Structure formats: C-alpha cells, structure tokens
Amino acid sequence: MQHGMKKRRGGALWAVVTVALTIVGLVLALSTYEVGRTRSEASHPFGNTSAKDRVELNVWVGKIDTVTQTATLEVLARPLGALADKSGFFRSDATVFTSALKADPIKIKAGQPISAAEVKVVVEGTVTDYPFDSYDSVLAFDVFSGETELPVSASISSGDTFFEIGESPVDGIVNGIDVNLTAERSLPSLVFALFIMALMLGLALAAATACYYVIKGRRGLMFPAVSMMGALLFALVPLRNAVPGAPPIGSLIDFTSFFIAEGIISVALVGTVVIGYRVESAKERAESEQQRRDREAQPPKPPQQQPVSSPQFPPPPQYQPQFQPMPQHQGRPR
C-alpha cells in the first residue's frame, strides 16, 4: 500500500517538474523572439532633424552578403517643408550622392513620383569568425539641388533577420550625413548556431560512450553501435550546413565543434571495428581450442563386439521323418 502511494507521488512529482520545465522553456523562447523582433524593427533618426526644410532619407538594409562583403540598401528620398510641392514631390531637381560601390548618384526629377533606389556598400568583417562575426561600414549621404547642399536626415532599419544593425552618426557634419553602421548576428541566429555546436559535441560524446561500452566489455563487433556511429558521421555534415548564414568551411564553428565531433566519431567507429574484430577472432580461437581440449579429455570408447559371422555354407537340412505308406497285404489265393 505504502509502496503504491510512493510510486504515485513520484510520478506526480515528475509530471509537475516536466510541466514547469516546459513552461520555463516556452517563456525563454518567446522572450528571445521578442528581443530579436524589437531589435530588428528598431529605427533611429540621424542628421539635421531640427531643420523643417530638409530631405528625409529612409534607408532599409535588405541583405548583408558576408561572402562578397557587401550590403544591399534601399534608399528612398522624401522632401519636407518648402522643398516639397503640393503633391509631396520635389519642387526642383535633386541629386543624392552616396558611398555606394558605384559612383553613380541618385537623380530625382522635380514633380516626378519618387521611387526607392538600390545601392550596394562595402562592409568589412571576418566571415570565419562565425557565429561571432560582425561587420562595419560607413554610410555617407549628401543631397544637392543644383549647387546648393540641402539639409538631410535619415532613419535606418534592417530587413535581414540574420543580423542586428547598430548605427552611430559621425559628428561634425553640417548638411550631409555620415553614419557608422555595425552588423552583428541576431540573437535567434546566435542561439541556433550555439545549439547546433552543442548538439554536435553531444553526438560525439554519445559515440565515444558507445565505443567505450563496446571495447571495455569486450563485446566484439556490435553492429547496432557501428551503424549508429556511421549514421552520426554522415549526419553531421547536413547538420553543420543547417546553421543560418552558410559560413564557409574553416570558420570558428568548425574548429570548436564540427571538426572535433567528426574526429571523435571517426576514431570511435574505427576503434570499435578494429578492436571488435580482434575480440571476435580471439573468441573463435578460444572456442576452437576448447572444443579440441574437450575432445582430448573424453575417455576412449571401448570397441564394440562385432557379431561372429556364420560360415559361408548352407546349414544342414534338418531331419524330417518321411512317412511312407505301408504296402497292403493281399490274401493268398485259395
């Protein structure tokens, strides 16, 4: 009775602990999502925001390409105050000069609808530092109307979910705007990459544990363990390539987890097969030697008496009395 009550209490305690851990994990996951979402949607104005008659630039960072070390931006110029006509378009022609790779400025016609222009800027960083890599760039914007430089303000936002953007304006600029742009891995990307790194090391530890279990117990060739190690060896490659951002081979993630895990699993697999083969061979030799000893230890069997064969002559016929009919006496003639 008491044993049954203790068992029920233990089951209820484990259920409570499981539910509590699930709730804590869900809260942490949603908190991480909210932090990443808030940072990605953050936008701060820079430049000469006090001037009523100015050009406002909306800069949207679409994608940061770590391979080509470039960032793709969408730039939309909007006139404010006396620079805009009744329709909200530029009252006079304007030219936007940027720090893009191509030196072609963005030309805007007076009274024409305004559309966003795509530009590419250079970013500097070390891609092999993944997942702790960061990139820096300088965004410079100057707007002219004829020979007159116009006051400029800008707001920068990011649409690349793999990075979090940080901005810091350069002081001393009167009309134009210069912004130091910093891009770091977003919190969800960093958490996922660290999880993959820990998972790869955990799988390597599992393979090493299986190898120790097989070798220490001299269990020979255990094909379930060998199959598991072979599957892990090839499963790590797509697992490593699943990290966001597609870092190149030779990144920090490889030297801290992937290469280590592959090496441990490879050594465990080869060691299990080689030592298991030797154990199986030793077992077979021991069994053969034991069978030989058993045969030698058995006493010799006494020879079995063979039945004496009869001579190759037919047996004499048994005597069988023959009854002959007695002759009948005939009477004398009279």
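Note that the structure is a prediction, hence the values are computed from the model and not measured. Throughout, numbering of the chain's residues begins at 1 and tracks the sequence. Computed over heavy atoms, backbone and side chain alike; hydrogens, waters and symmetry mates excluded.
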4.5 Å side-chain heavy-atom contact, L101 and V122:
yes

Are I265 and I249 linked, directly or through other ILVMFWY residues, by side chains that come within less than 4.5 angstrom of each other?
yes

Taking C-beta and beyond as the side chain, do F90 and I114 meet within less than 4.5 Å on heavy atoms?
yes

Hey, are the side chains of F141 and L139 touching, using non-hydrogen atoms and a 4.5 Å cut-off?
yes

If you group Ile, Leu, Val, Met, Phe, Trp and Tyr by side-chain heavy-atom gaps below 4.5 Å, do L269 and Y212 land in one group?
no

Side-chain donor-acceptor distances from residues 69-80 under 3.5 Å, at least two apart:
residue: Q69; atom: OE1; partner: G125; partner atom: N; Å: 3.3
residue: Q69; atom: NE2; partner: T66; partner atom: O; Å: 2.8
residue: T70; atom: OG1; partner: T68; partner atom: OG1; Å: 2.8
residue: R78; atom: NH2; partner: E56; partner atom: OE2; Å: 2.6

L252 side chain reached by D129 side chain, heavy atoms, under 4.5 Å
no

Is there a path of hydrophobic side-chain contacts, each under 4.5 Å between heavy atoms of I/L/V/M/F/W/Y residues, joining V59 to V123?
yes

Min side-chain heavy-atom separation K283-V279 under 4.5 Å:
yes

Going hydrophobic residue to hydrophobic residue with side-chain gaps under 4.5 angstrom, can you get from M228 over to V273?
yes

Separation between OG of S137 and CD of E167, rounded to the nearest 0.5 Å:
12.0 Å

Drop me the distance from F234's CZ to E262's CD, to the nearest 0.5 angstrom.
8.5 Å

When you compare the side chain of V243 with that of P131, does any pair of heavy atoms fall below 4.5 Å?
no

Under a plain distance cut-off of 3.5 Å, with no hydrogens placed, do S186 and S189 share a side-chain donor-acceptor pair?
yes

Given E149 and V143, is the side chain to side chain contact (heavy atoms under 4.5 Å, CB included) satisfied, shown in steps?
CA-CA 6 Å; E149 186 174 4; V143 182; over 6 Å; no

Hey, does I108 have a side-chain heavy atom less than 4.5 Å from the side chain of T95?
no

Mark yes when over 12 heavy atoms from residues, nucleotides or ligands other than F132 sit less than 6.0 Å from its CZ; otherwise mark no.
yes

Checking the side chain of D160 only, and the main-chain atoms of I64 only, is there a donor and an acceptor separated by less than 3.5 Å?
yes

Counting distance only, does the side-chain N/O of S145 pair as donor-acceptor with the main-chain N or O of D93 below 3.5 Å?
yes

Parallel, tilted or perpendicular for F195 and F192, by the 30°/60° rule?
tilted

With the threshold set at 4.0 Å, does a side-chain nitrogen-carboxylate oxygen contact exist between R185 and D133?
yes

State, with a plain yes or no, whether a side-chain heavy atom of T126 is found less than 4.5 Å away from one of Y135.
no

Crowding at CZ, R218 (>12 non-hydrogen neighbours, <6.0 Å)
no

So, taking the atom named SG in C211 and the one named CE in M222, what distance separates them when rounded to the nearest 0.5 Å?
12.0 Å

Measure from the ring center of F144 to the ring center of F97 and say whether it is less than 6.0 Å.
yes

Can a donor-acceptor pair be found, under 3.5 Å and without considering hydrogens, that links the side chain of S99 to the backbone of V138?
yes

Within the side chain of Y130, is there an N or O that forms a donor-acceptor pair under 3.5 Å with the backbone of P244?
yes

Contacts of Y213 meeting ring pair (Phe, Tyr, Trp, His ring centres under 6.0 Å) (sequence neighbours excluded), chain-then-number -> none

Residue pairs meeting side chain to side chain donor-acceptor pair (under 3.5 Å), one or both in residues 223-251, sequence neighbours left out, come to R240-D254

